[in-house]
Every structure is written in C-alpha cells, then in structure tokens.
Amino acid sequence: MRTPEPRFDPTIHAPNRLRICALLDAVQSAEFGTVQEKLDVSASVLSKHVAVLVDAGYVQQRRATRNTRQRVWLSLTDAGRTAYQGHVAALRAIVAGDTEPFGQTAARQ
Amino acid sequence: METEQVPLPSPADAATALREVEQARRALDGTVPPWWYFVAMATLVAIVPTVLLLPSSPLGGAGGIVGVACWTTVLALVIRTYMHRVGFTVRLQRLKLWHLAIPGLGSGLVMGVAVALASSYDRWWLGFFGSGTIALAILVWAVPMRRAARRRQASCVGAA
C-alpha cells in the first residue's frame with residue numbers, strides 16, 4: 001500500500017470533522033443516523049460539519065428511501081480519502097517531531 | 001479569497017487527535033451482525049444443489065435460469081437489507097484478502113467435490129450434503145463472530 005504524503009488539512013482538523021472522516025475512511029459508506037449515533041453528536045452538529053466537508057469536495061451524500069423514510073448515506077470522495085490520509089500522516093509526523101514538510105499547507109481558504 | 005493561517009497543533013494535541021481518530025475508526029467494530037443474516041445466507045447456500053434436481057431438458061434449463069435469477073435477487077436483497085440494518089457498507093479494500101479467499105476457496109472446494117460426487121454416483125443428496133456442511137459452518141461461525149462484536153461493543157462503551 002502507498003504511504004500517503006503528510007499534508008496538514010485545516011478543513012479536516014476540526015475535531016468533529018476529523019472523527020467523521022476517520023469513521024467514513026473505515027467504510028465504503030455510512031448512514032447519517034449511524035454516524036450520528038456512533039460519534040455521539042447531534043444531527044445539527046453533524047449536518048453542519050458534513051456540509052463543510054461536502055463543500056470542500058471531501059464527502060458526498062446519497063439519498064435513499066427505506067420504509068417510506070428518506071435516509072442520507074455519506075461517503076468519502078477520492079479527494080477526501082487522500083486528504084484525510086495525508087492529514088493523519090501529518091499528525092503522525094508532528095507527534096514524531098517532524099513539522100517541516102507540511103507547514104505551508106496549513107492555510108484555510 | 002480570504003486565507004487564514006492555521007497554526008499547526010502541538011505534538012500533544014496531534015497525539016490527542018490521533019487517539020480520537022482511532023476511537024472513531026473503531027466505532028463501527030462493535031456492530032453485532034443480526035442472526036437472521038447468517039440464517040438467510042446459510043439457507044441460500046444450502047439450496048444451491050437444487051439445480052441438480054432439474055431435468056436435463058429445455059424446460060429444466062429454463063427453470064435453472066429462472067432459479068439462478070431468483071437466487072441472485074434474494075441474495076442481493078439479503079445483503080441490501082443487512083447493510084440498511086447495520087447502517088454502513090463494508091469497504092472491501094480494507095478487508096484482508098485471505099479473510100474472503102480462505103472461506104471462499106474452502107466452500108468452493110467442498111461444494112465442487114460434493115457436486116462431482118453427486119454427478120458421478122448419481123446421488124443428488126450428496127450435493128446437499130456439501131451445501132449443508134457449508135451452511136452449518138456459516139451458522140457455527142456466526143456464534144464467535146457475534147460474540148467478538150459484542151466484546152468490541154462493550155470495550156467501545158467502556159472507552160467512551
């Protein structure tokens with residue numbers, strides 16, 4: 001498996017967004033309610049952070065109807081998965097004491 | 001566009017963030033697969049040799065095609081219902097290949113031998129003996145799998 005390039009991403013780094021990305025990276029897709037329950041966050045908080053990740057192109061939403069109720073399924077896009085894995089690599093590098101390669105990327109637009 | 005410089009986290013903050021990442025990644029490990037899923041899969045496997053009972057005629061061939069189509073539809077429905085029930089779909093890349101390859105090859109071998117014996121000796125029930133063995137293995141495997149998921153669930157709750 002290719003090692004991701006360390007790249008600190010301020011969009012992902014917000015605590016709840018990092019947890020959302022971590023959970024979504026472990027699966028192909030997850031239902032909104034499941035993510036909410038497993039991360040123990042309110043629907044409004046999750047919606048807000050998912051909206052930011054969708055705007056950044058990191059998460060995509062798919063609507064599916066089940067038992068006449070509409071459910072939203074969330075998944076990481078390829079860009080989102082790459083950004084998340086790069087961010088985790090950057091965090092590991094920081095813990096290891098190496099902050100040089102990715103300091104410039106810590107800019108939020 | 002406005003650009004805001006965000007300071008990098010300290011090593012301690014980064015370590016905390018990595019711990020949160022690990023907890024979030026494990027949040028789904030404690031999902032206990034429902035019993036009906038294993039029963040449905042075992043039943044679907046057990047009925048596979050029914051195809052041996054079809055007459056070798058055009059009507060039997062048509063029946064076989066319809067049967068395979070129905071079987072595939074039911075299999076897809078079971079998997080779809082399972083995914084909706086647990087609330088996530090598995091990422092295949094994350095599964096180690098041997099997790100799928102060893103049971104798949106083993107089941108294929110048992111089924112192949114059973115069907116070959118059933119055809120050679122003209123004993124249709126030998127095919128069901130093979131599929132029944134695999135179905136039983138699925139049901140037996142469900143017990144430790146569900147138990148391990150419950151243990152992970154308990155450890156997740158304990159860690160929260």
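Please read all numbers here as calculations on a predicted model, not as lab measurements. Naming: A, B, ... by sequence-line order, numbering from 1 per chain.
- One hydrophobic cluster, built from ILVMFWY side chains closer than 4.5 Å, holds both B:Trp124 and B:Leu117.
- Residues A:Val27 and B:Thr89 have side chains not in contact (no heavy-atom distance under 4.5 Å, counting atoms from C-beta outward).
- For A:Asp78, the CG atom is loosely surrounded, since the number of other residues' heavy atoms within 6.0 Å does not exceed 12.
- Looking at every heavy atom in both residues, A:Phe8 comes nearest to B:Pro9 through CE1-CD, 3.2 Å.
- Looking at heavy atoms from C-beta onward, B:Leu28 lies in side-chain contact with A:Thr34 at the 4.5 angstrom threshold.
- Here the shortest heavy-atom pairing between B:Val90 and A:Gln28 reads O-CB, 3.5 Å.
- No path of Ile, Leu, Val, Met, Phe, Trp and Tyr side chains, each step under 4.5 Å between heavy atoms, connects B:Val140 with B:Val32, placing them in separate hydrophobic clusters.
- Pairing each heavy atom of A:Trp73 with each of B:Phe88, the nearest pair is CZ3-CA, 3.6 Å.
- With a 4.5 angstrom heavy-atom cutoff, A:Leu23 touches chain B via backbone and side-chain atoms both.
- Taking every heavy atom of both residues into account, A:Leu91 and B:Ala17 meet most closely at CD1-CB, 3.9 Å.
- A chain of hydrophobic side-chain contacts below 4.5 Å, direct or via other Ile, Leu, Val, Met, Phe, Trp or Tyr residues, connects B:Trp141 to B:Val48.
- A:Lys38 and B:Ala27 make their closest contact through CD-O, 3.4 Å (heavy atoms, listed as atom of the first residue, atom of the second, distance).
- Inter-residue side-chain proximity for A:Arg81 and B:Arg91 is flagged as met; some heavy-atom pair is nearer than 4.5 Å.
- In this structure, chain A has no heavy atom under 4.5 Å from any part of B:Thr16.
- One hydrophobic cluster holds both B:Val45 and B:Leu75 under the rule that ILVMFWY side chains link at heavy-atom gaps under 4.5 Å.
- Around the CH2 atom of B:Trp35, the shell of radius 6.0 Å holds more than 12 heavy atoms that belong to other residues, nucleotides or ligands.
- For a residue to count as touching a neighbouring chain, one of its non-hydrogen atoms must lie under 4.5 Å from one of that chain's; by this rule A:Phe32 does not touch chain B.
- The shortest non-hydrogen separation linking A:Ile94 to B:Ala14 is CG2-CB, 3.7 Å.
- Under the 4.5 Å side-chain heavy-atom criterion for grouping Ile, Leu, Val, Met, Phe, Trp and Tyr, B:Tyr121 is connected to B:Trp125 within one hydrophobic cluster.
- By number of non-hydrogen pairs under 4.5 angstrom with chain B, the leading residue of A:Glu31, A:Glu37, A:Arg71 is A:Glu31.
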